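All remarks here apply to the structure that follows.
What you see is a predicted model; the values in this text were computed from it and never measured. Counting from 1, the numbers follow the sequence of the chain as shown.
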Amino acid sequence: MPEVRRLVDPYVSEGILLDKATVTLYEDIQEFWVAERDEDARVVGCGALHVMWEDLAEVRTLATDPVVKGTGIGHQVLGKLLQTARWLGVRKVFCLTFEVDFFSKHGFVEIGETPVDGDVYSELLRSYDEGVAEFLGLERVKPNTLGNSRMLLHL
């Protein structure tokens, strides 16, 4: 997890990714995939898939090392996350991002409203997870998400 923290921190300082406590990263470790460089096993990419409901998951904390920018590592990590979603039976994948063009290349489209029915919405309101609150567009998280685009992919 220290390597994931190393990748994420520069994006947090630029306001591109939301900050997460290190303890939260450790709590979510089973959700992460990482990409390692062949020659030295250095972690150069990461991303997490967080299942939110029976058929809904969120891509979180997708980051690459600037030294590999433009080499396709981010696309490969996202591909692995989407493969995992399919394997789990998830049919909708959400992300909250500034990187609209990147996610559009994978079939994500911008959305306005929360794409779940009222019963699921009510259940998701019970979650303490900040990412779920972001997905629901709750007022308490809006200052942290201003300018981000809500995107959805149907698998």
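Counting heavy atoms from C-beta outward, Y26 and T24 have side chains that stay 4.5 Å or more apart.
The cluster map of Ile, Leu, Val, Met, Phe, Trp and Tyr, joined by side-chain heavy atoms under 4.5 Å apart, puts L17 and L78 in different clusters. Residues F102 and F108 fall within the same hydrophobic cluster, defined by Ile, Leu, Val, Met, Phe, Trp and Tyr side chains chained together at heavy-atom separations under 4.5 Å. Transitive grouping of hydrophobic side chains (ILVMFWY, heavy atoms separated by less than 4.5 Å) keeps V90 and I111 in distinct clusters. Both Y11 and V4 are assigned to one and the same hydrophobic cluster, defined by single-linkage of ILVMFWY side chains at heavy-atom distances under 4.5 Å. In the hydrophobic clustering of this structure, L7 groups with I16; members are Ile, Leu, Val, Met, Phe, Trp, Tyr whose side-chain heavy atoms approach within less than 4.5 Å, directly or through other members.
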D19 vs R5, salt bridge (Lys or Arg N to Asp or Glu O under 4.0 Å): CA-CA, chis, key distance, verdict | CA-CA 10 Å; D19 195 13; R5 168 64 52 203; 3.3 Å; yes

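For the pairing with E110, the side chain to side chain contact (heavy atoms under 4.5 Å, CB included) check across T97, V100, L152 returns one residue only, V100.
Atom CD of Q30 is separated from atom CG of L49 by 11.0 Å, given to the nearest 0.5 angstrom.
Residues satisfying the salt bridge (charged side-chain N to carboxylate O under 4.0 Å, His left out) test with D40, not counting sequence neighbours, are R37.
Cluster partners of V23 are absent, since no Ile, Leu, Val, Met, Phe, Trp or Tyr has side-chain heavy atoms less than 4.5 Å from it.
No side-chain donor-acceptor contact under 3.5 Å links H50 and E58.
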Taking distance alone, no hydrogens or angles, what donor-acceptor pairs closer than 3.5 Å link side-chain atoms of residues 63-75 to residues at least two apart or in another chain?
| unit_1 | atom_1 | unit_2 | atom_2 | d |
| --- | --- | --- | --- | --- |
| D65 | OD1 | V67 | N | 3.0 |
| D65 | OD2 | R6 | NH1 | 2.9 |
| T71 | OG1 | V68 | O | 2.5 |
| H75 | ND1 | H106 | NE2 | 2.6 |

